[in-house]
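As structure tokens, the structure follows; a few thoughts come after it.
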Amino acid sequence: MNYWLMKSEPDAFSIDDLKNCPKGTEHWDGIRNYTARNFMRDEMAVGDLVLFYHSNAKPPGVVGIAKVVSKPYPDHTAFDNSSKYFDPKSDPDNPRWVMVDIKYIKKVKQFVSLAELKANPKLSDMMLLTHSRLSISKVTEDQWEEVLKMAQTKV
DNA sequence: GCCAACGTTGGC
DNA sequence: GCCAACGTTGGC
């Protein structure tokens, strides 16, 4: 069991958008960063839990909990030249980019802003804070429990 | 809208 | 393999 934090811009895809998907499940397409891809491809497993984070929001922060519900599989948007995620270098016979399916679990009871995360000394090593531009980051079990405590939420 | 941080690309 | 140029992310 691993824990993750995944960012999404609420203007593009919010926690409510995920909730409103059929079965609360959507594929997490468009990851075009090797570190984030490698996490999905090599380490994510069905059942892993995810902090759903709104980036480019006012204010940014953790808004909900989701779950990984598929193994990694090729990100087909890389092959679609009408997609904004089109990547001509991704060969359908050897896909460069992968995605997983994410399922809505719940919103947090108490929103936890980036400022609050930064202000908590127990979270100073959190990958979100040390790798600020990475859209998928790891969360340790201790960090997970601390963030859920701040969010007054249990899974 | 600005810009710092930083990942990627491509020439050499 | 180095590194300058460039593009993107995302907080503010």
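So you know, we letter chains A, B, ... as the sequences are listed, proteins then strands, and number each from 1. If you're wondering where the values come from, they're calculated on a predicted model, not measured in any experiment.
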For a quick test of reading the model: is some side-chain N or O of [X] closer than 4.0 Å to OP1 or OP2 of [N]?
X       : N       : result
K118(A) : dC12(C) : yes
K58(A)  : dC12(C) : no
K89(A)  : dG10(B) : yes

Taking the six-membered ring for Trp, is the centroid-to-centroid distance between Y73(A) and W28(A) below 6.0 Å?
no
Using atom [atom1] of [X] as one end and atom [atom2] of [N] as the other, report the distance to the nearest whole Å.
X       : N       : atom1 : atom2 : answer
L129(A) : dG11(C) : CG    : P     : 10 Å
K7(A)   : dT8(C)  : NZ    : P     : 17 Å
M127(A) : dC6(B)  : CE    : C1'   : 13 Å
I31(A)  : dT8(C)  : CD1   : C1'   : 13 Å
D87(A)  : dG7(C)  : CG    : P     : 16 Å
F13(A)  : dT9(C)  : CZ    : P     : 17 Å
R37(A)  : dG7(B)  : CZ    : P     : 15 Å
L134(A) : dC6(B)  : CG    : P     : 11 Å

Of the non-hydrogen atoms in S55(A) and K7(A), which two are nearest, and what is the gap between them?
OG-CB, 4.1 Å
Is the NZ atom of K67(A) crowded by more than 12 outside heavy atoms at less than 6.0 Å?
no
Check whether the side chain of R32(A) and the base of dT8(C) form a donor-acceptor pair under 3.5 Å.
no
As a test of reading the structure: which of [options] is closest to the side chain of [X], going by heavy atoms?
X      : options                  : result
Y34(A) : dC6(B), dT8(B), dG10(C)  : dT8(B)
Y53(A) : dG10(C), dG11(C), dT8(B) : dG11(C)
N33(A) : dT8(B), dA5(B), dG11(C)  : dT8(B)

Just checking T35(A): base, sugar-phosphate only, or nothing, at a heavy-atom cut-off of under 4.0 Å?
nothing
Distance (rounded to the nearest 0.5 Å) between L128(A) CG and M6(A) CE
13.5 Å
Nearest 0.5 angstrom please: I136(A) CD1 to I31(A) CD1, how far?
4.0 Å
If you pin N56(A) and H131(A) to their nearest nucleotides in DNA chain B, which one's is more 5'?
N56(A)
By nearest-nucleotide position on DNA chain B, the 5'-leaning member of R133(A) and R96(A) is R133(A)
